[in-house]
Amino acid sequence: MDYKLAVRDNHPEDTVIDIPGKSGITRIGKGYCTIIAGPCAVESRDKYLEIAMQVKNMGAHILRGGAFKPRTSPYSFAGLGIEGLKILEEARDITGLPVITELMDIRDLEQVCRYSDIIQIGSRNMQNFSLLREVGRVNKPIMVKRGLAATIEEWLLAAEYVLCEGNEKVILCERGIRTFEVMTRNTVDIGAVALLKDLSHLPIIVDPSHATGKRHLVKPVAMAAVAAGADGLMIEVHQNPEEALSDGPQSLTPELFISVLDNLKGIAALNNRIFQ
Ligand code: PEP
Ligand code: MN
């Protein structure tokens, strides 16, 4: 196997990633249950700042929001671009929380690095090898989402691309894979979480929103993920999901988000995980 830097053989200790922010250090990895929350996309300044404050007050540790959105149709809302990054920066200042956003194109690397604390490589780019090598050369944590139909081995090799360029701050994110099943948007692979906690030292986050595509399935899948050993979750939350410009059906209302967090605290405690 060629994923020698991603596995435990030469790195028995769990990797813990420290993300410095205005209100201290946020940790991802061993012993922590880190919650990343926010809307699918940054839609406007006012809406983003409002939801950012709401999820922060409810207990989120990191803010999410796409400025460059990979959309299946070229006619769908594709994000606000640089304007979206600037809104994320403002939200980071106001809330004191670190932010994560997706990088789709090497040409945007400098700007995304400037405004974001963690760089997300989306499922569609998990095998964009030149992009992976490029983010392997920056000093920022990189979250590598599992490809739409990627095996665990292909996913680990994608992480290896980043690691072998010298960037040790890699986070894996299980977000469901495409199978014959169509009642859920994707098929979430909880077994992969347990397997990777054993095989790899890298932290693993689960995204129950893209994994299911359905709001009412987010809570049970989130609980299963933490019970299986996930180091945290990335959850889409929108103040008015009916009007969201992307992924409304899987976005939680703030009220539902509180209820998911309440349930998660119990599971995290059972697993001796710190909810920061
Ligand atoms: C996202 O998290 O914003 C996203 C587009 O997810 P994925 O790459 O998993 O489809
Ligand atoms: Mn989304």
Side-chain angles (χ1 to χ4, degrees), residues 28 34-43 47-48 51-52 55 60 62-74 76-81 84-85 87-88 99-105 108 112 115-128 131-132 135 141-150 152 154-155 158-159 162 171-179 184-189 192-193 204-215 217-218 221-222 225 230 232-253 257:
I28 301 185
T34 308
I35 306 296
I36 306 171
C40 180
V42 179
E43 298 177 354
K47 276 199 276 178
Y48 193 78
I51 194 69
V55 297
I62 299 174
L63 299 174
R64 67 151 286 145
F68 300 98
K69 295 301 303 173
R71 302 307 302 277
T72 302
S73 163
S76 301
F77 173 65
L80 299 177
L85 295 179
I87 295 169
L88 286 171
V99 301
I100 177 169
T101 201
E102 178 165 352
L103 171 72
M104 282 174 55
D105 190 316
D108 300 316
V112 171
Y115 293 108
S116 191
D117 300 288
I118 307 172
I119 299 177
Q120 176 174 326
I121 300 297
S123 290
R124 289 152 193 83
N125 272 315
M126 191 207 81
Q127 287 191 313
N128 182 336
L131 187 63
L132 293 170
V135 295
I142 309 298
M143 188 167 87
V144 180
K145 295 193 88 174
R146 186 174 183 178
L148 300 177
I152 295 173
E154 287 163 341
W155 185 16
V162 182
I171 303 153
L172 299 168
C173 178
E174 162 65 34
R175 46 78 75 204
I177 45 175
R178 184 169 286 193
T179 66
T184 48
R185 181 175 179 182
N186 291 293
T187 297
V188 63
D189 190 356
V193 177
I204 177 159
I205 297 281
V206 172
D207 170 350
S209 309
H210 292 89
T212 61
K214 293 184 171 158
R215 188 175 305 129
L217 299 179
V218 168
V221 169
L233 297 160
M234 181 155 85
I235 300 177
E236 287 184 340
V237 187
H238 193 284
Q239 55 267 72
N240 189 356
E242 306 304 315
E243 282 174 17
L245 298 181
S246 57
D247 288 348
Q250 70 196 32
S251 299
L252 301 184
T253 58
F257 179 59

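Since the model is a prediction, treat every value here as computed from it, not as a measurement. Just so you know, ligand 1 is whichever comes first in the structure, and atom 1 is the first atom listed for that ligand. Side chains are part of it too, since the values below use all heavy atoms of this structure and drop only hydrogens, waters and symmetry mates.
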**Message:** With 2.8 Å as the limit, count the protein N, O or S atoms near the Mn ion (ligand 2).
**Reply:**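 My tally for this metal is 4.
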**Request:** Can you tell me which residues line ligand 1 if we count any heavy atom under 4.0 angstrom from one of its atoms, in chain and number order?
**Result:**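 For ligand 1, the contacting residues are Arg64, Lys69, Pro70, Glu102, Gln120, Gly122, Ser123, Arg124, Lys145, Arg175, His210, Met234.
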**Request:** Going by the side-chain contact (heavy atoms from CB on, under 4.5 Å) test, name the single residue among Lys214, His238, Arg185 that passes it with Gln250.
**Result:**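 Answer to the side-chain contact (heavy atoms from CB on, under 4.5 Å) test with Gln250 among Lys214, His238, Arg185: Arg185.
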Measure from the side-chain N and O atoms of [X] to the backbone N and O of [Y], and report whether any donor-acceptor pair falls under 3.5 Å.
| X | Y | result |
| --- | --- | --- |
| Ser209 | Ile235 | no |
| Arg215 | Gly248 | yes |
| Arg64 | Thr101 | no |

**Ile28 vs Ile118, side-chain contact (heavy atoms from CB on, under 4.5 Å): CA-CA, chis, key distance, verdict** = CA-CA 11 Å; Ile28 301 185; Ile118 307 172; 4.1 Å; yes
**Request:** Sequence neighbours left out, what passes side chain to side chain contact (heavy atoms under 4.5 Å, CB included) with Ser73? Give chain and number order.
**Result:**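 Once residues adjacent in sequence are excluded, the partners of Ser73 under the side chain to side chain contact (heavy atoms under 4.5 Å, CB included) criterion are Tyr75, Ser76.
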**Prompt:** What pairs with Leu245 under side chain to side chain contact (heavy atoms under 4.5 Å, CB included), at least two apart in sequence or on another chain?
**Reply:**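 In terms of side chain to side chain contact (heavy atoms under 4.5 Å, CB included), with neighbours along the sequence ignored, Leu245 is linked to Glu43, Phe77.
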**Request:** Answer with yes or no whether the side chains of Asp247 and His210 bring together a donor and an acceptor at under 3.5 Å.
**Result:**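 Yes, a side-chain donor-acceptor pair sits under 3.5 Å.
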**Pairwise distance CD1(Ile87) to NZ(Lys47) - rounded to 0.5 angstrom** =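 If I round to the nearest 0.5 Å, the distance is 10.5 Å.
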